[in-house]
K.L.:
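Okay, handing you the structure first.
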Amino acid sequence: MNTDIMSATAELPLADDFTQADVVKAPSHTSAVDLTPIYNFLGARTSQAWVDAALADLPTIIQDHANCEKKAAGTAMNIIYRYEFAYNLQCKLAQLIREEMLHYEQVIKLMHERGQDWRHLSAGRYAKGMLKHKRSYEPAAMADVLIIGAFIEARSCERFAALAEQVADERLARYYRYLLKSESRHFEDYLTLAREMTAKDSAEDIDQRIALFKEVEAELITSPDPEVRFHSGVPA
C-alpha cells in the first residue's frame, strides 16, 4: 500500500471522507477498472439472483464482507508464519495484510455509521468447499492455498463490481468501486506466488490445479445455496 492511501484513510469517520480523500476518488463506472482478467480467470459470473438477494439484505452482506476482510488477513498471516523462508511471499503478503485490515476497519466503521449492530453470522460454504480439495503434503498444500486465495480475491472483486453497478446507496457503490483496484491486484499476487513457490518442483503443474479450482469455485457460485453471503451461490 502506498503512503498516500495510508494517509488518506488514517482518520476515517467514513462520513464524507470518501469524497474528500484521494483514495476514494473512485471511478464513476466499474468499466474504469479493467476487469477482463478477473472475468477470464473465473469460471462463472455472478447471477442476477444473487445480486437481488444481496441488495435485499445489505446488512448481512456488509457484515460478511467485514468477516471476509478479517479472514483474508488472518489467512495471509498464517501463510507468512508457515513459509517464512520465502522473501517475496513475505513482502507481498505483508502488504496484503495491511490492506485487508484497513478495509476491515473501513467496513466496521461503515456498519457503525449505518447504525448496524454486529451479530452472529455463520460462515458460508464457499471457502470450506474449496479447501476440501487442498492437498495435504508440501509444496502442493502451499500451492493450493495460494490458488484458493487467488479465486477468493478474484470473486470478491467481481462481486464488488456487480454490487457497485446496482446498489442504490451511491456512497456504498463508490466504496465498492474504490476496492476494485486493490482486490484485482491481490488475485494476481496470489497466482504469482503460487508459480514462484513451486517453480523448482518439476512435478507441480500449477495450471492443472488452477483449472481444477476454477471448476470447483464456479460450481459453488452457480449452484443453489441456502444462505446469502458475500461468496454464496444462487439463492435457493
Side-chain angles (χ1 to χ4, degrees), residues 33-47 50 68-69 71-97 99-100 123-162 179-225 229-234:
V33 178
D34 183 10
L35 298 178
T36 303
I38 295 285
Y39 297 145
N40 290 340
F41 179 65
L42 295 171
R45 295 283 291 272
T46 290
S47 68
W50 180 88
C68 290
E69 300 287 2
K71 289 175 185 176
T75 297
M77 184 66 75
N78 288 337
I79 295 173
I80 278 182
Y81 274 108
R82 184 158 188 171
Y83 306 108
E84 53 190 5
F85 59 85
Y87 173 77
N88 200 34
L89 178 145
Q90 297 286 310
C91 292
K92 282 186 180 294
L93 293 189
Q95 177 182 5
L96 183 145
I97 290 165
E99 293 185 2
E100 302 288 15
R125 65 180 188 174
Y126 180 76
K128 186 182 296 184
M130 286 196 288
L131 286 169
K132 286 195 307 183
H133 300 271
K134 180 180 78 71
R135 293 166 293 181
S136 59
Y137 55 92
E138 298 294 359
M142 173 181 58
D144 284 352
V145 166
L146 293 171
I147 293 169
I148 290 170
F151 276 101
I152 292 174
E153 296 291 340
R155 182 59 63 185
S156 297
C157 187
E158 190 255 4
R159 293 220 150 156
F160 288 136
L179 292 173
L180 292 180
K181 186 173 181 180
S182 62
E183 296 295 336
S184 63
R185 189 186 69 255
H186 289 172
F187 106 88
E188 292 174 335
D189 286 345
Y190 270 118
L191 281 184
T192 298
L193 289 172
R195 295 187 187 282
E196 288 179 356
M197 298 296 289
T198 58
K200 296 179 181 179
D201 185 359
S202 59
E204 183 66 59
D205 189 336
I206 290 296
D207 290 334
Q208 287 184 3
R209 298 304 294 176
I210 291 173
L212 168 68
F213 283 109
K214 185 173 186 174
E215 291 183 3
V216 171
E217 200 270 351
E219 172 64 22
L220 289 166
I221 289 299
T222 58
S223 59
D225 197 330
R229 296 291 186 270
F230 198 83
H231 292 95
S232 58
V234 180

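Residue numbers run from 1 in the order of the sequence given. Values reported hereafter were calculated over all heavy atoms of this structure, with side chains retained and with hydrogens, waters and symmetry mates removed. Keep in mind it's a predicted model, so treat the numbers as computed, not measured.
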K.L.:
Side chains of Tyr190 and Leu93: does their closest heavy-atom pair fall under 4.5 Å?
P.N.:
yes

K.L.:
Do Leu191 and Ile210 come close enough that some side-chain heavy atom pair is under 4.5 Å?
P.N.:
yes

K.L.:
With sequence neighbours excluded, tell me which residues meet side-chain hydrogen bond (donor to acceptor under 3.5 Å, both in side chains) with Ser223.
P.N.:
Arg125

K.L.:
Considering non-hydrogen atoms only, spot the tightest contact between Gly233 and Asp225 and give its length.
P.N.:
N-OD2, 3.0 Å

K.L.:
Within a strict 4.5 Å, meaning less than it, do heavy atoms of the Leu193 and Glu196 side chains meet?
P.N.:
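Side chain of Leu193 against side chain of Glu196, heavy atoms only: contact under 4.5 Å found.
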
K.L.:
Any side-chain to backbone donor/acceptor pair from Asp144 onto Lys134? Under 3.5 Å, distance only.
P.N.:
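No, because the side chain of Asp144 does not come within donor-acceptor range (under 3.5 Å) of the backbone of Lys134.
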
K.L.:
Ala72 and Leu96: which non-hydrogen atoms are nearest, and at how many Å?
P.N.:
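Minimum heavy-atom separation between Ala72 and Leu96: O-CD2, 4.3 Å.
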
K.L.:
Return the minimal non-hydrogen interatomic distance between Leu35 and Ala161, and the atom names on each side.
P.N.:
CD1-CB, 3.4 Å

K.L.:
Would you compute the distance between atom CE of Met197 and atom CD1 of Ile206 and round it to the nearest 0.5 angstrom?
P.N.:
10.5 Å

K.L.:
What are the two closest non-hydrogen atoms of Gly129 and Val216, and how far apart are they?
P.N.:
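In this case the closest contact between Gly129 and Val216 is O-CG1, 3.9 Å.
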
K.L.:
For Asp207 and Arg195, what are the C-alpha separation, side-chain angles and deciding distance, and is it a salt bridge (charged side-chain N to carboxylate O under 4.0 Å, His left out)?
P.N.:
CA-CA 9 Å; Asp207 290 334; Arg195 295 187 187 282; 3.0 Å; yes

K.L.:
Can we say Lys214 and Glu219 salt-bridge, meaning some charged N sits less than 4.0 Å from an Asp/Glu carboxylate O?
P.N.:
no

K.L.:
For residues Glu183 and Cys157, report the shortest heavy-atom separation together with the two atoms involved.
P.N.:
CB-CB, 3.8 Å

K.L.:
Where do Ile97 and Ala76 come nearest, in terms of heavy atoms and distance?
P.N.:
CG1-CB, 3.5 Å

K.L.:
Between Phe41 and Phe187, does the ring centre distance come in under 6.0 Å?
P.N.:
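Yes; Phe187 has its ring centre under 6.0 Å from that of Phe41.
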
K.L.:
Using the side chain to side chain donor-acceptor pair (under 3.5 Å) rule, collect all pairs that involve residues 146-156, keeping only residues at least two apart or in two chains.
P.N.:
Glu153-His186, Arg155-Glu158, Arg155-Glu217, Ser156-His231

K.L.:
Walk me through whether Glu99 and Arg185 qualify under salt bridge (charged side-chain N to carboxylate O under 4.0 Å, His left out).
P.N.:
CA-CA 11 Å; Glu99 293 185 2; Arg185 189 186 69 255; 2.5 Å; yes

K.L.:
CG/Leu180 to CG/Asp34 distance, rounded to the nearest 0.5 angstrom?
P.N.:
11.5 Å

K.L.:
Do Tyr126 and Phe151 have their ring centres less than 6.0 Å from each other?
P.N.:
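For Tyr126 and Phe151, the ring centres are not under 6.0 Å apart.
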
K.L.:
Is it the case that the side chain of Trp50 and the backbone of Arg229 share a donor-acceptor pair, with hydrogens and angles ignored and the cut-off at 3.5 Å?
P.N.:
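Such a contact is found between Trp50 side chain and Arg229 backbone.
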
K.L.:
Would you call Thr192 and Leu146 a side-chain contact if the rule is heavy atoms closer than 4.5 Å?
P.N.:
no

K.L.:
Can you measure from CD (Glu100) to OG1 (Thr75) and round to the nearest 0.5 angstrom?
P.N.:
9.5 Å

K.L.:
Can you tell me how far apart CG (Leu89) and CD1 (Ile80) are? Round to the nearest 0.5 Å.
P.N.:
7.0 Å

K.L.:
Quick one: CD1 on Ile152 to CZ on Phe230, what's the gap to the nearest 0.5 Å?
P.N.:
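Rounded to the nearest 0.5 Å, the CD1-CZ separation comes out at 12.0 Å.
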
K.L.:
Under the 3.5 angstrom rule, does the side chain of Ser184 hit a backbone N or O of Lys181 as a donor-acceptor pair?
P.N.:
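Such a contact is found between Ser184 side chain and Lys181 backbone.
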
K.L.:
I'd like to know if Arg82 and Glu138 make a salt bridge, using a cut-off of under 4.0 Å between side-chain N and carboxylate O.
P.N.:
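Glu138 and Arg82: salt-bridged.
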
K.L.:
Does Phe85, at its CZ atom, have more than 12 non-hydrogen atoms belonging to other residues, nucleotides or ligands within less than 6.0 Å?
P.N.:
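Yes - once you tally the heavy atoms of other residues, nucleotides and ligands closer than 6.0 Å, there are more than 12.
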
